[in-house]
Amino acid sequence: MSTSDSHEDAAAPDSGPRPRLTVIGTGYLGATHAVCMAELGFEVLAVDVDHSKIERLSAGEIPFFEPDLADLLRANLATGRLRFTTSFEEIAEFGDVHFVCVGTPQRPDGYGADLSHLNAAIERLAPLLTRPCLVVGKSTVPAGTAAGIARTLARLAPANAGADADIVSDLAGVQLAWNPEFLREGFAVADTLHPDRLVFGVASPAAEGALRAAFAPVIAQGVPVIVTDYATAELVKTAANSFLATKISFINAMAEVCEAVDADVLTLAEALSHDVRIGGNFLRPGVGFGGGCLPKDIRAFQARADELGVGVALRFLREIDEINNRRRDRVVDLVAAALDGTLARRRLLVLGAAFKPNSDDVRDSPALAVADLLARTGADVTVVDPVATPNARRALPGVTYSETVEDVAADADAVVLLTEWRQFAELDPARLGQLVRRKLIIDARHALDGDRWRQAGWVYLAPGRPTGVIPSPVPEQRPRFGLPAATGPDGAAARDAEIDAPVGRRS
Ligand code: UGA
């Protein structure tokens, strides 16, 4: 099949008959997709094997934090267009188009993707598909997965009556399409209702037509549709996340170089961003990327490339991962250097646990990883996050938590900002300065106005930004920093000597 957006003959006008949709898996992606498709006017039935999740969703409760989603869930439950079930029989009977949205996490024993949830969902659904329908994979998968699933559907779905998946050319049977998602946590509703593009990996015009009908209201907005084969559709997703990760690690690598010559990575990024060929998005330096997608996707992509014998083509992604992990160590080194090289028994106030703001997700969170590293050095760490505290407590039980800064700021030796929540950017440095023991802030996300904090008497440090002292060449690439004086409410002693950071590389 050609790769184009010109399949007008297969296009379904928004006014045509609407297919009934099901969503399999009601995690982050599935719950968002189900709610948004109902919002677009479709009848949607979503299924999950987790009874408690289905009970909560049916009661209008979203089991995770995502702005706007709970209101839309309740509104669409009220219309009757959106329902939830634990019965696969019910969804098989109901659906014309089945969206498979189950998780594909990193395997516990390696870099590859764990496809067990996906395979289980298909094997459970397929034998129940007795009438023509389209199964649409949305999960992020290694290239080649969809072709295998198409064969499973051909083998197990009664509606296919044993036909070869490759020759089922209309919706007389059960067909497969691959339709990767590109939604960002924190913007999931807007990204689903108004995506940048739709990618349809299909094996027949009939499958394309059914997908166009399922996305008719989105296509009617003028959203570009890329129609392609399964493997290209699978690759678009992993390539997009790899590109984004590469951009972030590129600017963080520049931060490392800036630190060696006391240059300013923020100014560098801004200057680069004016070149339209480069652009400013995903060029924010800091503590690096995390979350449930970028880190595991670049690792799974490498693992798949190795299996395909083209591992060398993606070898650079290992470096991207390493640059990313080094930022976590770098922040710890910066805190240690600012505290005379000693972290043990220092009282540290960590701002942020979520992997990014507007999320309660702490999977592979740089913030929580740094909090963990600091605690392992013997520091007394208190983590503040407006919404991620319950998840963070489960992931990292060994530190203290709070939802507000003021309650826990007393006697802090340093404040370390690791997730750029708006609440933290709006903190009043004068007020906070009255609570802490030492007015030292490390802004690992470049979220604060450094001049404002300095004017309020704080020592403000940010990775990749000038300290005012050009470090001398360092053997073994150990960071050395000359730091400005830190003063506390009691006028604590100034330290502007060049400090050897004692905290070694952690992994
Ligand atoms: C990412 C992609 O952006 C989505 O397009 C994709 O659909 C999703 O993964 C997925 O695969 O499901 P998400 O993980 O929600 O979305 O978060 P991002 O906004 O991409 O941020 C990822 C990480 O990069 C965060 O830790 C963020 O703080 C960090 N980041 C982002 C930077 O450090 N610098 C930047 O300039 C941008």
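This chain uses plain numbering: 1 for the first residue, then up along the sequence. Counting starts at 1 for both ligands and their atoms, in listed order. As the structure is a prediction and not an experimental result, all values here were calculated from the model.
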Check your understanding: Heavy-atom distance under 4.5 Å between the side chains of V44 and T22, does that happen here?
Key -> no
**Study point:** Protein residues having a heavy atom less than 4.0 Å from any atom of ligand 1
**Key:**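 Its neighbours under 4.0 Å (heavy atoms only) are E181, F182, L183, R184, E185, K237, N241, L244, I248, F282, L283, R284, G288, F289, G290, C293, L294, D297, F355, K356, R445, given by chain and number.
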Practice item. Check the angle between the aromatic planes of W453 and W458 and answer parallel, tilted or perpendicular using the 30° and 60° thresholds. Key: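 W453 and W458: perpendicular rings.
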Practice item. Could you pull out all residues at least two apart from E61 that satisfy salt bridge (Lys or Arg N to Asp or Glu O under 4.0 Å)? Key: R56
**Study point:** Partner residues of D109 under the salt bridge (Lys or Arg N to Asp or Glu O under 4.0 Å) criterion, sequence neighbours left out
**Key:**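 Here the qualifying residues are R107.
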Extract all donor-acceptor atom pairs below 3.5 Å that involve side chains of residues 213-224 and protein atoms in other chains or at least two apart in sequence.
residue	atom	partner	partner atom	Å
Q221	OE1	H194	ND1	3.0
Q221	NE2	L193	O	2.9

Practice item. Indicate yes or no for a side-chain donor-acceptor contact from N179 to the backbone of F200 under 3.5 Å, with no hydrogens or angles considered. Key: no
